[in-house]
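Below is one structure, written out as structure tokens; the observations come after it.
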Amino acid sequence: MENSNGLTASLLVAGHQAARLLESHLSATDLSAGEAVLVASLGDGPLTMSDVMSTLHIHASTATSLVSRLEKAAYVYRSSNPEDRRSRLVHLTSSGRRQLEAIGPAFRAVDSMLAARAGANAVAGCTTVLEALAEAE
């Protein structure tokens, strides 16, 4: 992929392309790519809303909207944080856990397809760029 605006613009476009590709593999679920990423992030346990924002690198309004959609679908619920009553925890419900199981194959399929098409050296290079991006924050 070539973009006249450089690496940053290419990464932004690639993120949207990756989301669309993932969504094409999520047909067994009713989740968007962003919702699937949040469900996957909750697989290790509940997150505070601040954790949701920092894990997904999104603004508070986006996190609230994302969690509200998943809550409406009964995939997550919010509770008071026993460590800080001012904050809320987001948890997976049993339906959310079923969605977690359903999205794993979609993530693996996209990862495998991209790795097969790009090759190991390209994947390693991409990983290096992503690590540099994370360190720049």
Side-chain angles (χ1 to χ4, degrees):
M1 166 184 42
E2 191 171 317
N3 188 307
S4 62
N5 291 317
L7 179 60
T8 302
S10 294
L11 285 169
L12 289 168
V13 170
H16 292 291
Q17 290 171 318
R20 299 300 77 80
L21 183 58
L22 178 61
E23 286 172 350
S24 73
H25 286 80
L26 288 170
S27 59
T29 74
D30 58 352
L31 298 174
S32 70
E35 291 165 346
V37 170
L38 177 54
V39 167
S41 298
L42 291 167
D44 290 330
L47 296 173
T48 65
M49 289 299 289
S50 293
D51 291 337
V52 169
M53 291 184 294
S54 64
T55 299
L56 276 60
H57 300 276
I58 56 178
H59 295 286
S61 60
T62 305
T64 299
S65 175
L66 185 60
V67 170
S68 293
R69 286 195 311 270
L70 291 173
E71 194 171 39
K72 184 176 180 182
Y75 298 142
V76 302
Y77 70 95
R78 296 178 232 205
S79 71
S80 294
N81 184 348
E83 295 178 14
D84 180 357
R85 303 291 285 169
R86 296 169 297 168
S87 75
R88 309 278 288 159
L89 291 172
V90 181
H91 307 258
L92 286 177
T93 63
S94 57
S95 295
R97 291 235 167 256
R98 285 192 293 279
Q99 290 288 38
L100 178 62
E101 292 173 13
I103 64 175
F107 278 102
R108 289 189 295 277
V110 172
D111 288 352
S112 294
M113 184 195 69
L114 292 174
R117 289 185 181 180
N121 289 338
V123 171
C126 182
T127 300
T128 301
V129 169
L130 296 174
E131 288 168 353
L133 182 60
E135 291 172 6
E137 289 188 83

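No hydrogens, no waters, no symmetry mates; every other heavy atom, side chains included, goes into these values.
- Closest heavy-atom contact between Leu26 and Ala106: CD2-CB, 3.6 Å.
- In terms of hydrophobic clustering, with Ile, Leu, Val, Met, Phe, Trp and Tyr side chains grouped at heavy-atom distances under 4.5 Å, Ile58 and Val37 are assigned to a common cluster.
- In this structure, the separation between OG1 on Thr55 and NE2 on His57 is 7.5 Å, given to the nearest 0.5 Å.
- With hydrogens and angles disregarded, no donor-acceptor distance shorter than 3.5 Å links the side chain of Ser65 to the backbone of Ser61.
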field: Steps toward side-chain hydrogen bond (donor to acceptor under 3.5 Å, both in side chains) verdict (Ser94, Arg97)
entry: CA-CA 5 Å; Ser94 57; Arg97 291 235 167 256; over 6 Å; no
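- Smallest separation of non-hydrogen atoms from Val52 and Ala63: CG1-CB, 4.0 Å.
- Atoms CG and CG, from Leu47 and Leu38 in turn, are 7.0 Å apart once rounded to the nearest 0.5 Å.
- Between Val76 and Val67 the shortest heavy-atom distance is CG2-O, 3.7 Å.
- A ring pair (Phe, Tyr, Trp, His ring centres under 6.0 Å) check over residues 89-112, counting only residues at least two apart or in different chains, returns the pairs Tyr77-His91.
- Taken to the nearest 0.5 Å, the CG atom of Leu31 stands 6.0 Å off from the OH atom of Tyr75.
- Atom-to-atom distance recorded for Thr62:OG1 and Leu56:CG is 10.0 Å, nearest 0.5 angstrom.
- Within the structure, salt bridge (charged side-chain N to carboxylate O under 4.0 Å, His left out) contacts touching residues 22-39 (residues at least two apart or in different chains) are Arg20-Glu23, Glu35-Arg69.
- The two residues Leu89 and Pro46 have their closest heavy-atom pair at CB-CB, 4.3 Å.
- Closest approach of Leu21 to Met113, counting heavy atoms only: CD2-CE, 3.1 Å.
- With a 4.5 Å cut-off on side-chain heavy atoms, Thr127 and Val123 count as touching.
- To the nearest 0.5 Å, the span separating CG on Leu66 from OG on Ser32 amounts to 6.5 Å.
- For Ser68 and Arg78, the side-chain atoms include at least one donor-acceptor pair closer than 3.5 Å.
- Thr29 places no side-chain N or O within donor-acceptor distance of the main-chain N or O of Gln99, the cut-off being under 3.5 Å.
- Rounded to the nearest 0.5 Å, atoms SG (Cys126) and CG (Leu11) are 7.5 Å apart.
- The heavy-atom pair separating Ser87 from Thr48 by the smallest distance is OG-CG2, 4.3 Å.
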